[in-house]
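Take a look at the structure set out below.
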Amino acid sequence: MAALLSRLPRAAAVVALSASLGACASVSADGGMIPVVSRVSLDLGKDTAKIVTASDAGAVKARVDRLLARPLTADAAVQIALLNNRGLQAEYNALGVSEAEFVEASLPPSPTISIERVAGSGDLDVERRLIADLLQLLTLPRRTKIAESEFRAAQYKAIAATFRTAAEARRAFFRAVAARETTAFLETARGSAGAAAELTKKLGETGAATKLNQARSGALYAEVATELAEARLEAAKEREALTRQLGLWGRDLDYRLPARLPSFPRLKTQGDVEATAIRRRVDIIGDRLELDALAQSYGLTEQTRAISMLEVTGLANHAKSAEGEKANPKGFELAVQIPIFDFGKARLAKARETYMGAVNRLLEKAVNARSEAREAYATYRGRHEIARAYQSRVLPLRKVITEESQLQYNGMLVDAFELLTNARENVASNVAAIRAKRDFFIADVDFQAALIGGGSPAESAPEPKLASATSASAASPQ
């Protein structure tokens with residue numbers, strides 16, 4: 001306490017220093033978006049922007065319209081989502097709030113001016129007070145550094161939200177295209193099954209086809225028609241999911257999707273996926289910065305745990321008696337809240353537990369990130385092998401089986417039942433091949449998200465946030 005009181009004569013110097021520090025921080029024109037834009041361009045090769053003015057909205061709308069004028073691609077879908085998704089814009093607004101809090105924390109506390117006037121029995125007493133929170137002034141540089149760390153962490157959180165939006169848009173695109181391709185295939189299959197059912201029915205009228213074969217042919221047509229109805233429903237749902245990710249409505253809903261999934265890209269090879277994930281994942285970097293802020297706050301809590309409030313009051317009185325005598329006494333008043341019942345131990349324990357909880361959550365995330373990277377890479381390679389097997393072995397063999405079955409049926413070597421069975425299996429194999437290819441492209445998205453951040457489909461619930469450094473700090477008196 002004595003050491004702190006000895007610093008009172010330097011209050012004026014502290015005020016001047018804090019005022020200069022406060023002048024250094026100001027709200028930027030872009031709301032802290034420069035690191036976000038740079039990182040998104042570097043890792044995704046895409047643009048993102050915060051919509052603030054009507055001019056910004058007009059520029060985004062013009063670019064979205066140009067992208068929608070052509071059939072949509074996965075890259076175009078991601079670009080539209082990064083510009084047009086309002087949920088992402090809300091994340092950028094949260095970044096702007098964090099920057100404002102950083103600027104606010106860098107400013108010295110505003111003094112309080114109090115004027116008291118007492119008149120009675122001809123006497124007049126006017127007292128003027130200038131009150132400043134000395135503790136906040138003394139801890140201003142430390143609190144500014146904490147707020148800056150929290151702001152940098154918020155920038156990485158915004159980058160992670162951008163990566164997550166891009167990944168979800170890409171996943172939604174592949175699901176929507178695969179659903180459309182499945183629907184188109186089943187429409188063709190239903191047409192073939194319908195023609196076969198009609199032919200079998202006519203052959204039955206002439207006695208060339210049994211009633212059992214007619215029923216089997218009709219059942220195949222009904223099953224394919226039912227699958228088509230399911231596929232159409234799925235295609236409508238997946239298109240709407242993509243539409244939500246893109247933030248489209250009104251006339252923009254008529255965007256065109258490609259008829260089928262793209263061809264297989266070159267298979268990626270990755271060395272140490274664990275090290276890459278730990279080094280590049282923006283969510284882990286953001287949590288590290290939050291942990292730094294907590295560590296700084298923990299040190300501040302230790303230094304100020306014994307004092308809850310410290311105020312310096314400058315006094316200037318103007319007194320006038322009934323006889324006209326004047327007096328102008330001056331001085332100062334020091335108010336200290338004495339922690340009789342708690343010398344800061346509870347707050348110190350709370351800060352320590354908060355910090356260690358954040359450490360353990362970050363370590364857990366680092367362990368999980370390594371596992372997620374390994375799992376994502378194994379899934380990516382496995383999905384590629386499965387999808388390739390369908391394209392290079394299963395479907396070609398199915399084509400041979402269908403052709404040979406037709407030849408044997410025409411030569412009356414097999415009956416209609418085997419022909420219908422082969423037709424049913426051929427439909428199932430083609431649908432499975434489309435879904436396997438879709439799953440490969442989604443696994444590719446998940447693999448990239450595991451390396452740079454952006455979340456995975458398994459993350460249905462939000463992860464627990466690291467505690468705010470501000471909440472652990474005792475810099476703000478209660």
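Note that the structure is a prediction, hence the values are computed from the model and not measured.
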Strictly distance-based, threshold 3.5 Å: is any side-chain N or O of [X] a donor or acceptor partner for the main-chain N or O of [Y]?
X: T182; Y: V431; result: no
X: S41; Y: S38; result: no
X: T48; Y: L82; result: yes
X: N430; Y: V427; result: no
X: T162; Y: A158; result: yes
X: K437; Y: P262; result: yes
X: N360; Y: M356; result: yes
X: S98; Y: A94; result: no

Pair D292-R288, salt bridge (charged side-chain N to carboxylate O under 4.0 Å, His left out): steps then yes or no:
CA-CA 6 Å; D292 290 343; R288 283 174 179 167; over 6 Å; no

Got a salt bridge between [X] and [Y], using NZ or NE/NH1/NH2 to carboxylate O under 4.0 Å?
X: D75; Y: K46; value: yes
X: E240; Y: R244; value: no
X: R280; Y: D43; value: yes
X: R171; Y: E168; value: yes
X: R281; Y: E372; value: yes
X: D444; Y: R170; value: no
X: R424; Y: E227; value: yes

Can you tell me if [atom1] on [X] sees more than 12 non-hydrogen neighbours from other groups inside 6.0 Å?
X: E230; atom1: CD; result: no
X: E223; atom1: CD; result: yes
X: K268; atom1: NZ; result: yes
X: L233; atom1: CG; result: yes

May I ask you to test the [X]-[Y] pair for a side-chain heavy-atom distance under 4.5 Å?
X: F151; Y: Q155; answer: yes
X: L451; Y: V273; answer: yes
X: L67; Y: Y255; answer: no
X: R239; Y: R180; answer: no
X: D439; Y: I386; answer: no

* To do: Show your working on side-chain hydrogen bond (donor to acceptor under 3.5 Å, both in side chains) between R388 and Q391 and close with a plain yes or no.
  => CA-CA 5 Å; R388 276 293 190 185; Q391 298 294 328; over 6 Å; no

Ring-face cation of R398 near Y390 (centre distance under 6.0 Å, axis angle within 45°)
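Relative to the ring axis of Y390, which defines the angle, R398 lies outside at least one limit.
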
**Report entry** Results of side-chain contact (heavy atoms from CB on, under 4.5 Å) for A90 - residues two or more places apart only
**Finding:**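 Counting only residues at least two positions away or on another chain, A90 forms no side-chain contact (heavy atoms from CB on, under 4.5 Å).
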
Do the ring planes of F264 and F440 sit parallel (below 30°), tilted (30 to 60°) or perpendicular (above 60°)?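 The arrangement is tilted - the two ring planes meet at 30° to 60°.
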
**Residue of the set L83, D47, D65, I80 for which side-chain contact (heavy atoms from CB on, under 4.5 Å) holds with V60** =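 Option passing the side-chain contact (heavy atoms from CB on, under 4.5 Å) with V60: L83.
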
- Message: Can you tell me which residue among I401, V400, T402 is in a side-chain contact (heavy atoms from CB on, under 4.5 Å) with E404?
- Response: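 It is V400, the one option of I401, V400, T402 that forms the side-chain contact (heavy atoms from CB on, under 4.5 Å) with E404.
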
Worksheet entry | Check against side-chain contact (heavy atoms from CB on, under 4.5 Å), L246 and N85 | CA-CA 6 Å; L246 302 184; N85 186 292; over 6 Å; no

Exercise. Go through S371 and N368 one step at a time and tell me if the side-chain hydrogen bond (donor to acceptor under 3.5 Å, both in side chains) criterion holds.
Key: CA-CA 5 Å; S371 175; N368 292 344; over 6 Å; no

- [ ] For the residue pair Y377 and R381, confirm or rule out a side-chain donor-acceptor distance under 3.5 Å.
- [x]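 On atom types as modelled, these side chains qualify, holding a pair under 3.5 Å.
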
* side-chain contact (heavy atoms from CB on, under 4.5 Å) between L72 and L68, intermediate numbers included -> CA-CA 7 Å; L72 207 60; L68 293 176; 4.2 Å; yes

